[in-house]
Every structure is written in structure tokens, then in C-alpha cells.
Amino acid sequence: MTAPPTLPKFRQRLILAVLMLCSLLIWLDNTVLSTTLETLADPVRGLGADPGELQWATGSYTLAFATLMFTAGALGDRFGHRTVFSGGLVIFAGSSLWAAYASDAGQLIAARAAMGVGSALITPAMLAILMWTFTGPARAAAIGIFSTSAGVGMAAGPVLAGFLLDHFWWGSVFLINVPVAALALAGLAVLVPNFRSPARRPLDPAGMLLSISGLVALAYGLIRAGQVAEWGRTDVWAPIVVGLALLAGFVLVELRVKLPSFDPRLLAQHTFGGGNVALGLLLFAVAAITFYNAFYLQGALGFSPMKAGLANIPTALGALAGAPLATRLVRRFSLRPVTVPALAVAALTMGGYGFLGLQTPLAWIEVLLLVQGLAIGMVIGPVTAALISNLPLEQAGAGSAVTNTVRQTGSVIGIAVGGTIMSIAYRRAIEPALDGVPGPVQDQARVSAEQARHAAAAAGRPALARAADDAFVHAMHVGAAWIAVIALLGAVVLLVTLPGAGKKTSAADDEEAPGATPAARSVLESR
């Protein structure tokens, strides 16, 4: 890579401000939807979306983001990172406008997928521009400042969504993206050169097509199982088999490419592969338990969107505190003794949802969320940084693509599986309460607890609403047990694959190694 042009310091600061604004936009969008799910499920205030549609509304964004991001970096090398960045912002803003005024769940799902495409184009270009703009010590300082936008977005997203939902209609949580994207576009046009790499990576259309189609088919089969409450149907197992076959084909294609955008050979490395599997399992669990949390706070407990957003702040605060705490502990004790217990604690907090009920004091919920965020923050940053830092410099970009794709894929599958477990367990639990209930009300009550509450209010059956709450809590308990097992499996994988305390890892122990600073760890985690 050629040396980047030296820009005036004042212009560098303005570019950093634009990049932070864009990063904040992405993180806000990642967090506001969870607060909006309960409203979207409401037939009056939202779209009356069923659990499967809400799973797709969440998963379609992540799926597009996961499968297009490693190709987006190659587009930036070819056409210039500012060009790709600007295109991503236009797509993100336009699809946010579409989502805000979606008239049904299908339109919302399509709009969310388009938003994922925009995010996939934005993220690699944003980080590339940051690396081109700053050099030397200024780069480390800029990365440290830039990484704070993630924490601000995590903390502010649920609160902002809660405020908008309490005062406006549900589409306002997406509409807020449009003026922010317009401001960022103006900043890009005025301030940012169109950096591009002299070495152009291939676009890999075959890999992109196989990965997208494989994940879509797999997710469809898993979500369909929850809709029909049966695993043996052809429209359930056939898409799952086809999806797994397409993903296997994707791996074979990438193995034959000289310079693959997603290099599966890296996963064959003991530590790198095992660490990524553990991160994928953790993100699986995080996505699933976050999905449950949204319906528990606003649906079962009846919190307003604003109160639910405020109740989730301890998770963000814990994650913000966990990353720097883990960095200090890893330097003293090495990676495995810190991250394995932390992941085990995260798993136990997810299992702790199995003890939450309709009368659980808010203070206990807040303690659980704080510990959960702290434990997750102590795992994701240090493990990601160590995995990338242990790769040769020429493989760092490919390693980042693999790690990011595995994490996002874990989230997609976590939403699909977690939501399906919840739907199946809920239907079985609500069935005894439907004896003597009119047929149309029965059909609506079987869809979800949200639909059951609405039907119960319309039919004047408060006992049905109470039964729906009890059925949801039971479903959450069942799902939480499975989610905890998955996360604990991730801790076992870390225990087996990470080097022992006596073995050095460049991310944790070698403070002089390139990429070993805390700031570098932050940007590698984001990549």
C-alpha cells in the first residue's frame, strides 16, 4: 500500500468527526430495533408482526451485513473507499425511509435487508479511510477516540428508541437515520479524499452468491420450524439441508480462489479457528437472549419503550467497562484465564433468564444485565484482538473478514433458532388455556403473546392475557436454558483452543508488537 497523502491536522479532525458520526449511526440502528420489536408486534400501534416476521426483520439486516461486508472491502479497493462509503450511506438512508413508512412486515423485512447492504458498504470503507487519514501515533489516538462511538451508540440507542416510541409512531426510529446520513454525505464530499488501494482484490461474485443463498435458506428453514411448530415437515428440513449444502459449496469455492475474500483456511488454524467458533457461539447466544429481553420487558412486564430502553443501559455500561478491564487482566494473567471464566459467567447470566418472572424486582434484572454486559465485554474485544494480532500482517485483512463474518453469522442463526424455540414452547404452553375460547381468538392467541393480549382485550378475556404472559415466561425459561448451553459450549471451545498461561500471545503480552495497543484492539474488534 502506498503512503497516504498528509492532510492538515484540522482536516484530519473533521474527517474523524464524520467517521464517528457514521459509526454512531450504525451502532444506533443496531440497538434501536430491539426496543421496537414489541411495538411492531402490536396489531394497533405497530404492524401486528408475528415472531417469524420479527425474526426476519432482525435477521435480514444482519444476514446482508454478514455476507456482503467482505466483498465491500474489495469494492473500495477498486472504486475508491469514499465512493463505496457514499453509496452505502445513500442506500442506508433510502432504505431507512422505506422502513419508516413500511405498510406491512414484508416491506419492513425487505427494507431492513437493504439497510444491511448499506451498512456492509459503509463499515469497511469507514475503517479504511481512518487508516489512510492518520499515521503513526496520531492513528492510535484516532482509533481510540473512534472506538468510543460504539459505546455511545450501545447506551444511547435503546433510550433514543424509547423516547421516539413514547412520543411518535414506530417508524420514527428509522426516520431519524435520514438527516444524519445526509450530514455525513456532505462531510464526505467536502473533506475526504477518495482513497483506494493500488492492489485490487477480486470481487468474488460466486462466493457472495453462495454465502447469501446458503444463509437465507438455512435461516428460512429454522424460522419456518417456529411458525409451524414442527421439525419434520419438508418446508422445514429441506431448506436447512439446502442451506448447509450451499454453505459447504461456498467453502469449497473459497478454497480454490487464489485471493479469497473469505479465507476458510484460516479457520483450520487451531487457535484462530477455535477462537472464532467460540465468538460465533457467544454472538449466537447474545442475539437470541436480546430477542427475548425485548418481549420480556415491554410485553410480559408491561414497561413503556422508554422505561425498557433505560432498563437496558446496564448492559451497555457493563460492556464498556468490561473491555478495558479485560485488557489489563490479560496483560497480567494471559488470555485464557480471563476470557474463559468471563464467557462462562456470560452463559450463566443468560441461563439466569430462566429464573425471571412476572414479579421479579427490577433491581435484580438490572444486576443480571450489568454482569452480562461486563462478561461479554471481557470476551469479545480481547479474543478478537488476539486472534487477528497473531496472524501475519499480510493476513490481517482476511482474518478480519473471517472473524466479522463468523460473528454476524452467529447472530443470524441465534435469532432464527432462539426465536423458533420461543415460538414452539409458547404454543405448547398456551394451548391448555384455549379450551372454550372462540376459534378466531384461539388462532390469534397461538401466534404470539402480543397477539394473545390484543385478542384477549378485544374479546374481554383477561384470563387469556394472564395465560399468555405465563406461557411467554415459560417459553423464555426453556429458551434461556438452551442459550446458556450454547454459550457454555463456547467457553469450552475457548478453554481447549486458546494457548495456556505460559504461552505468549501478541495481542495480550507483547505491547510493542504492531496492533497490540488497546486502540488497535478496538479497531480490530470493529473490523
Side-chain angles (χ1 to χ4, degrees), residues 37-44 46-58 105 219-237 239-240 288-289 291-302 350-351 353-360 414-486:
L37 290 173
E38 176 69 25
T39 302
L40 290 171
D42 191 289
V44 177
L47 297 175
D50 62 40
E53 290 169 333
L54 294 175
Q55 286 169 271
W56 277 115
T58 306
Y220 174 83
L222 293 171
I223 292 173
R224 184 63 179 160
Q227 293 174 319
V228 300
E230 187 178 339
W231 290 97
R233 289 175 46 146
T234 304
D235 57 348
V236 171
W237 63 261
I240 293 175
I289 209 68
F291 193 75
Y292 289 10
N293 179 64
F295 296 105
Y296 173 64
L297 293 179
Q298 293 185 56
L301 298 187
M350 294 170 189
Y353 276 70
F355 298 95
L356 300 181
L358 299 175
Q359 306 300 324
T360 302
I415 293 166
V417 174
T420 293
I421 292 173
M422 182 177 71
S423 295
I424 293 174
Y426 167 79
R427 289 189 184 188
R428 291 175 179 173
I430 194 66
E431 201 62 40
L434 300 181
D435 290 340
V437 175
V441 177
Q442 286 189 22
D443 294 338
Q444 197 169 356
R446 289 189 183 99
V447 172
S448 67
E450 289 69 34
Q451 297 277 0
R453 295 185 196 103
H454 179 73
R461 291 178 173 269
L464 178 59
R466 291 193 294 271
D469 288 339
D470 292 336
F472 169 79
V473 170
H474 167 76
M476 182 178 70
H477 291 173
V478 173
W482 283 103
I483 293 167
V485 169
I486 296 296

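Rounded to the nearest 0.5 angstrom, Leu47 CG and Leu54 CG are separated by 9.0 Å. To the nearest 0.5 Å, atom CE of residue Met476 and atom CD1 of residue Ile421 are 14.0 Å apart. Distance check: Leu434 CG to Gln444 CD gives 11.5 Å after rounding to the nearest 0.5 Å. Between atom CG of residue Asp50 and atom CD of residue Glu450 there is a gap of 10.5 Å, rounded to the nearest 0.5 Å.
Counting heavy atoms from C-beta on, the side chains of Val417 and Ile486 never come closer than 4.5 Å. A heavy-atom distance below 4.5 Å is found between the side chains of Val447 and Pro51. A 4.5 Å side-chain heavy-atom check between Arg224 and Ile240 finds every atom pair outside the cut-off. A heavy-atom distance below 4.5 Å is found between the side chains of Tyr292 and Ile483.
By the ring pair (Phe, Tyr, Trp, His ring centres under 6.0 Å) test, Phe295 pairs with Phe291, sequence neighbours left out. Partners of Asp42 according to the salt bridge (charged side-chain N to carboxylate O under 4.0 Å, His left out) rule, which considers only residues two or more places apart in sequence or in another chain, are Arg45. Residues forming a side-chain hydrogen bond (donor to acceptor under 3.5 Å, both in side chains) with Gln55 (at least two apart in sequence, or on another chain): none. Every side-chain hydrogen bond (donor to acceptor under 3.5 Å, both in side chains) that Arg446 has, sequence neighbours left out, goes to Glu431, Gln442, Asp443. The salt bridge (charged side-chain N to carboxylate O under 4.0 Å, His left out) search around Arg233 returns Asp235, not counting sequence neighbours.
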Donor-acceptor list for residues 464-473 side chains, cut-off 3.5 Å, not counting sequence neighbours:
from	atom 1	to	atom 2	distance (Å)
Asp469	OD1	Arg453	NE	2.7
Asp469	OD1	Arg453	NH2	3.0

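Annotation for Gln451 and Pro43: closest pair OE1-CG, 3.5 Å, computed over non-hydrogen atoms. Across all their heavy atoms, Arg461 and Pro438 have their closest contact at NH2-CD, 3.6 Å. In plain terms, the two heavy atoms of Ala225 and Val236 that are nearest each other are CB-CG1, 3.7 Å. Heavy atoms only, all atoms of each residue included: Pro462 and Gly460 are closest at CD-O, 3.4 Å. For the pair Tyr296 and Gly357, the tightest heavy-atom approach, listed with the atom from each and the gap, is OH-O, 2.7 Å. Contact between Ser448 and Tyr426 at its shortest, heavy atoms only, is O-OH, 3.2 Å.
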Pair Leu40, Glu53 - check side-chain contact (heavy atoms from CB on, under 4.5 Å), show working. CA-CA 10 Å; Leu40 290 171; Glu53 290 169 333; over 6 Å; no

